[in-house]
Amino acid sequence: MSTFRIYLVFLAVLLLTACERRQDAATRPQGESPAQAETTAANELIAVYRIPELSELQTGEAMAVACASEVANLKEWLGLLEGFEGIPTAENYLEPYNAVLVSATNMAYTAGTLAGVSPDEGVRKAADDCSQSLTSVFSDYSLSRPLYERVSQVELATADADTQRFVEKQLKAFHLSGVDKDDATRARIKALNEELTVVGQEFDNNIRDSVLYLELDSADQLAGLPQDYIDAHPPGEYGKIRISTQYPDLFPFMNYAKSDELRHQLSLLRNNLAYPQNQAVLEKLLALRFELAQLLGYENYAQWVTADKMVGSPQRVESFLEELKGYTTESQGREYAMLLARLRQDKPEASKVESWQAAYLEEKVKAEDYQVDSKEVREYFSYNHTRDGIFMLVQDLFNVQIKPWQTYTWDESVEAYELWDGDQLIGNFFLDMHPRSNKYQHAAQFPFRNGITGVQTPLAVLVCNFPSGDGLMEHGDVETFLHEFGHLMHTMLSGGHRWADIAGISTEWDFVEAPSQMLEEWVWDYDTLSQFAKNATGESIPKALLDRMVAARDFSLGLDTRRQLSLAAMSMGLYNQDPQGLDIKAFTDRVTREYTLFEPLEDGHFHAAFGHLNGYSAIYYTYQWSLAIAADMFTRFKQEGLRNVETAGEYRDLVLGQGGAKPAAELVHDFLGRDISFKSYADRLSAGGQPAADAH
Ligand SMILES: [Zn+2]
């Protein structure tokens, strides 16, 4: 399930290729000199501008008007910033520039988020159009020589560390965007950026709007599924039972349905979402990005996109994937053998395990060898209890308070909250947690705005697709919930910065999954679960059951990790070559065989709905890279206690609260008191697939 746990560093590529984040100028300097007149004008414009409230964006027309106004402002502000004469300083130049970054980022985030969650087709369309218009104007910024020159002239000798880092990040982004290319090349780069936005949206929207159904003739075909699932799927029109490819239908079916054939059919449907629509779209996406990278002076897109990441190059990614492959060779072999042995109990002639059998067999082995019955486990995780429990956890750990927030939401199922630290409002967030037509189908945190000191507090939304109310969640869903909450806390707690590209989740992209993946650990902690994991009669989850779950936790880690490595290798490989003439299906099948023990589905086209190929492009490895870092950071909690509020407080201050103030490796060093080590993760991977009796 972690495959689809997404954090969208929202339009990050767009923002990078464009310029950086934008900020408001509530911090307007007083008594400026005549030489600062141009900038003052920019400041005044920005000071009167405000992003419309969400309640004002309920129609496509309102969205279009708000966006057009922002785009017109951005064009005017660019002229003012480019025409600045005098000696640029942090106060007279960076401040208004930063204000522009914040303003534009707010609009870009809002448009991108509403495109994924608004129930109104007009709003979704206007939001997509808005992102396209913003791409165009962002290109004007990122490719502007006058702007680049003035930012690079800012005197930094006496500036504080945050200001120095802000300028350093800006200048690097200008170079990556192609500011130093000639006029004709910059014009083509701009055109490519615009086209890429349109093609990327088409790819995402085809996935968002694609749902396929398995039709069953009778309830007998639901054999093996939990009773609450059977009750929730009565026969509909013409007496047919419909099972959709959406997660709340899909995952339990793949885990529990007795019928091998029906699991195969549903798996085929899932692996043909957005196919064939996205085949040509993906080919175009790869071709355009390849051309862009070459124009920017890179061999291919993978080289370009890794240049500002922790890894620095595709070669480092490849060596990292190889390293993890080595740690999992033996464990995946042991695990596969256990699944095959279990399959042979039902089918003595079986010689291999198919992909659509794996989750079902894992459930069987867990139940029989480790005495973990997932159907029993889910009894303790109703949505409402889980949400309340996660609130309790983060309130305790980070010393914050969550309170209901009375405000407009775009759908009646969406919940709204305030986050407080004592008497200080830190930020606000929404929970949009249940499936709906035309809604983003995976799980992600989307920001509306980052927190900028004295200007604005953070606002974000968790978008998930869980059962609602007393509906029961899988333990894996609870893990996903916590994961996304990790991103949310990162956004909420990184709000105290002056500069746009320091506030919010603005570390290197391949670090952003580390805080969220580390928080997943708490879903295995009895002290945490016993507070909220209760069944319908109010009994807490038994300690003995959790102990058995912990023992079974890593039983399929080798197989699962190999699947993740295969996705990372696909994502990297598709962008680390000239895509002309590339047979995508043949390529992804080859990678699947290289990394996993399962045959790719002959008629499956997984790549058509592998949404990360747009948003993350080549860098899906981020999940494993961040996980290795998360395991390392977690060693301190393991030693000092998962509920140790002092450790959590230091983590909040030294890592989450820093935003992008330092390179991620330094943040981790500050917290651990030493350099990052992958040893903890390597040890865990190597130990996967131990027989039940030997499991810890
Ligand atoms: Zn994530």
Using 4.0 Å as the upper bound for N to carboxylate O, is an ion pair formed by K679 and D683? yes

I'd like to know if K347 and D260 make a salt bridge, using a cut-off of under 4.0 Å between side-chain N and carboxylate O. yes

So, for H434 and F466, is the gap between ring centers shorter than 6.0 Å? no

Would R548 pass as a cation-pi partner of Y370, given that its NZ or CZ must be under 6.0 Å from the six-membered ring centre and within 45 degrees of the axis? no

Is there a side-chain contact between Y360 and V353, using heavy atoms and a 4.5 Å cut-off? no

Ion pair present between D373 and K366, side-chain N to carboxylate O less than 4.0 angstrom? no

Heavy-atom closest pair, residues L601 and K585: O-NZ, 2.8 Å

Validate the cation-pi geometry between R342 and Y336: distance from NZ or CZ to the six-membered ring centre under 6.0 Å, angle to the ring axis within 45°. no

Run the numbers on F678 and W625 for ring-ring contact (aromatic ring centres under 6.0 Å, His included), then give the verdict. CA-CA 9 Å; F678 288 165; W625 181 267; 5.3 Å; yes

Side-chain donor-acceptor pair present, S374, E363, cut-off under 3.5 Å: yes

Is the shortest side-chain N to carboxylate O distance from K309 to E508 below 4.0 Å? no

NZ/NE/NH1/NH2 to OD/OE distance under 4.0 Å, K534 and E539: no

Can you give me the closest heavy-atom contact between L529 and V523, atom names plus distance? CD1-O, 3.3 Å

Thinking salt bridges, do R636 and D632 make one under a 4.0 Å N-O criterion? no

I want to check something: taking the side chain as every heavy atom from C-beta on, are P515 and M489 in contact at a cut-off of under 4.5 Å? no

Do other residues, nucleotides or ligands put more than 12 heavy atoms under 6.0 Å from the CD atom of Q227? yes

Please determine if K352 and E354 form a salt bridge, counting it only when a charged side-chain N lies under 4.0 Å from a carboxylate O. yes

Just checking E330: does its CD atom have more than 12 heavy atoms from other residues, nucleotides or ligands closer to it than 6.0 angstrom? no

Donor-acceptor contact below 3.5 Å, side chain T245 vs main chain R270: no

